[in-house]
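These notes are about the structure you will find just below.
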Amino acid sequence: MSHRPSLDPAVADVRRAVRSSLARLSSPGPLVVAVSGGADSLALAAAVAFETRDSGAAATAVVVDHGLQETSAEVARGAAQAAEALGLGSRTVAVEVDGVGGLEAAARTARYRALRAVAGELGAQAILVGHTLDDQAETVLLGLARGSGATSLQGMAAVADLDGIPLVRPLLALRRSTTRAACAAERLEPWDDPHNADPRFARVRTRNTVLPVLERELGPGVAEALARTAEQSREDAEAFDEMIHETIEDIVEHAEAGISVSASALAANPAALRHRVIRLVVASEFGASLTRVQTLEVARLVTDWSGQGPIDLPGCRARRVGGRIEFTAV
């Protein structure tokens, strides 16, 4: 009797994760898959190709050439060819990285802009990217180091919004070792980005130094614990956000050239809720993010009012007018 060869466990794990993510999409349709040529994106591309081959959903690999290395065009061609060999369509997009906000942040901004543009052209229902549990753990640690508060603990969402198109991270519960094992089992040859070994970048130091030290000193499972913390924090934040939106409906009014909030209603709420309302009002009305210091200064207009003047904030100004806090554009 002949036996079918058993499926490698790593390949099965990646396919299962992709299948689960695709099942949560609203309807079958074109997909964009971000492919860099690295192990994570190649494993993702292989799984998407397998899971969509009989569904009729066209999947296109988008390879973004950041132009940051002499061989970047060659690497991009190789990644596109690998995706095509798996059965995906491919598009290669060259971008300019302006360096604003740091090289990593600028490259990420350019990459997502390119992915969104291609997704719009193709009418894609989702953009799939290959972030793993390791990436999640690194993101949480970096956020903590920056002092980003509870927001940093939320890490990356399994599904986010990228200018109206779902940005899906199917591999967020899988380790990087799993994607490498999947590539090996499927005889895929991933490209290792030299930037991923460059200690100039905080994420590289976190990956190669900080996490290994934590694992060694605290015991194994630190990355998994950070990822669990992110998931639980995101659930809590979503519930808290519902409360905030309900609160805002009752205490916010439109004002000339801006918006106003009842000072007494803000004062009646706990500090955590009060601060979130302030940040959300500024973010939603003026598209700006407040620092912790700026948020506390606005809160003093509520809790420590002694006639102080207006507070200049990113994109707006806050001032106390009678029993309300007014936020107006500048």
Note to self: Measuring from atom CG of Asp134 to atom CD of Glu224, what distance do you get when rounded to the nearest 0.5 angstrom?
What the structure shows: 8.0 Å
Next item on the list: Among Ile165, Val62, Leu128, find the one that has a side chain to side chain contact (heavy atoms under 4.5 Å, CB included) with Leu115.
Entry: Val62
Next item on the list: Run the salt-bridge test on Arg169 and Asp40 with the 4.0 Å N-O cut-off and return the result as yes or no.
Entry: no
Item checked: Derivation and outcome, side-chain contact (heavy atoms from CB on, under 4.5 Å), residues Arg15 and Leu7 -> CA-CA 11 Å; Arg15 289 180 181 178; Leu7 183 63; 3.6 Å; yes
Next item on the list: Kindly indicate, with the supporting measurements, whether the criterion side-chain contact (heavy atoms from CB on, under 4.5 Å) is fulfilled by Val14 and Leu44.
Entry: CA-CA 7 Å; Val14 176; Leu44 173 65; 5.6 Å; no
Margin query: Quick check: closest heavy atoms across Val18 and Ala47, and the distance to 0.1 Å?
Written below: CG2-CB, 3.6 Å
Checklist line | Steps toward side-chain contact (heavy atoms from CB on, under 4.5 Å) verdict (His275, Arg292) | finding: CA-CA 9 Å; His275 296 161; Arg292 171 74 172 172; 3.6 Å; yes
Margin query: What I'd like to find out is whether the side chain of Arg276 reaches to under 4.5 Å of the side chain of Leu280, using heavy atoms alone.
Written below: no
Next item on the list: Taking all non-hydrogen atoms of both residues into account, name the closest pair between Ala46 and Glu186 and its distance.
Entry: CB-OE2, 3.5 Å
Check: For the atom pair CZ (Arg200) and CD (Glu104), what is the distance rounded to the nearest 0.5 Å?
Finding: 9.5 Å
Note to self: Between Glu74 and Thr71 (side chain of the first, backbone of the second, donor and acceptor by atom type, cut-off under 3.5 Å), is there such a pair?
What the structure shows: no
Item checked: Gln136 side chain to Met156 backbone, donor-acceptor under 3.5 Å -> yes
Next item on the list: Begin from the C-alpha positions of Thr132 and Asp135 and carry the test side chain to side chain donor-acceptor pair (under 3.5 Å) through to its verdict.
Entry: CA-CA 5 Å; Thr132 65; Asp135 295 308; 3.2 Å; yes
Note to self: How close do Ala223 and Glu215 get, counting heavy atoms only, and between which atoms?
What the structure shows: N-OE2, 3.4 Å
Item checked: Closest contact, heavy atoms only, Ala114 versus Val64 -> CB-CG2, 4.1 Å
Check: Is there a donor-acceptor contact under 3.5 Å from the side chain of Ser20 to the main chain of Ala17?
Finding: no
Solution key, residues 322-330 side-chain donor-acceptor pairs under 3.5 Å, sequence neighbours excluded:
| from | atom 1 | to | atom 2 | distance (Å) |
| --- | --- | --- | --- | --- |
| Arg324 | NE | Ser260 | OG | 2.8 |
| Arg324 | NH2 | Ile251 | O | 3.0 |
| Arg324 | NH2 | Ser260 | O | 3.4 |
| Glu326 | OE1 | Arg319 | NH2 | 3.4 |

Check: Is a side-chain donor or acceptor of Asp8 paired with a backbone partner of Ala185 at a separation under 3.5 angstrom?
Finding: no
Check: How many angstroms lie between CG in Asp193 and NE2 in His66, if you round to the nearest 0.5 Å?
Finding: 9.0 Å
Next item on the list: Following the transitive rule for hydrophobic clusters with a side-chain heavy-atom cut-off under 4.5 Å over Ile, Leu, Val, Met, Phe, Trp and Tyr, establish whether Ile244 and Phe286 coincide in one cluster.
Entry: yes
Next item on the list: State whether the side chain of Arg116 and the backbone N or O of Asp163 hold a donor-acceptor pair below 3.5 Å, judged by distance alone.
Entry: yes
Notebook entry, point to check: Rounded to the nearest 0.5 Å, what separation is found between the OG atom of Ser41 and the NE2 atom of His131?
Noted result: 10.5 Å
Notebook entry, point to check: Should Thr229 and Val140 count as side-chain neighbours, where that means a heavy-atom distance under 4.5 Å?
Noted result: no
Note to self: Between Arg234 (side chain only) and Gly155 (backbone N and O only), is there a donor and an acceptor less than 3.5 Å apart?
What the structure shows: yes
Check: Between the side chain of Thr206 and the main-chain N/O of Ala202, is any donor-acceptor distance below 3.5 Å?
Finding: yes
Next item on the list: Give the intermediate values and the outcome of side-chain contact (heavy atoms from CB on, under 4.5 Å) for residues Val302 and Val261.
Entry: CA-CA 10 Å; Val302 175; Val261 186; over 6 Å; no
Check: Can you list every pair that meets ring-ring contact (aromatic ring centres under 6.0 Å, His included) and has a residue in residues 185-215, with sequence neighbours left out?
Finding: His195-Phe201
Check: Under 4.5 Å between side-chain heavy atoms, hopping through other hydrophobics if needed: is there a path connecting Val281 to Leu273?
Finding: yes
Check: Nearest heavy-atom pair of Pro170 and Val129: which atoms, and what distance?
Finding: CD-O, 3.4 Å
Check: Checking side chain to side chain donor-acceptor pair (under 3.5 Å) for the pair Thr139/Arg203: CA distance, chi angles, key distance, verdict?
Finding: CA-CA 8 Å; Thr139 299; Arg203 183 173 289 274; 3.1 Å; yes
Checklist line | Nearest heavy atoms of Val35 and Ala61, plus distance in Å | finding: CG2-CB, 3.6 Å
Checklist line | Non-hydrogen side-chain atoms of Ser36 and Arg111 separated by less than 4.5 Å | finding: no
Next item on the list: State plainly whether one hydrophobic cluster holds both Ile259 and Leu290, where clusters connect Ile, Leu, Val, Met, Phe, Trp and Tyr through side-chain heavy atoms under 4.5 angstrom apart.
Entry: yes
Notebook entry, point to check: Same hydrophobic cluster for Leu31 and Val118, using side-chain heavy-atom links shorter than 4.5 Å among ILVMFWY?
Noted result: no
Side-chain donor/acceptor pairs under 3.5 Å, residues 75-95, sequence neighbours excluded:
| from | atom 1 | to | atom 2 | distance (Å) |
| --- | --- | --- | --- | --- |
| Glu84 | OE2 | Ser90 | OG | 2.5 |
| Arg91 | NH2 | Glu121 | OE1 | 2.6 |

Note to self: Please report the interatomic distance CD1(Ile248) to OG(Ser262), rounded to the nearest 0.5 Å.
What the structure shows: 12.5 Å
Check: Distance from Leu301 atom CG to Ile278 atom CD1, nearest 0.5 Å?
Finding: 8.0 Å
Item checked: Connected via hydrophobic side-chain network under 4.5 Å: Leu211 and Leu218 -> yes
Notebook entry, point to check: Between the side chain of Ser72 and the main-chain N/O of Gln69, is any donor-acceptor distance below 3.5 Å?
Noted result: yes
Item checked: Note: Arg300-Glu297 ion pair, threshold 4.0 Å (strictly below) -> yes
Check: CD of Glu231: more than 12 outside heavy atoms within 6.0 angstrom?
Finding: no
Notebook entry, point to check: Is it true that a side-chain atom of Arg274 and a backbone atom of Ala299 form a donor plus acceptor pair closer than 3.5 Å?
Noted result: no
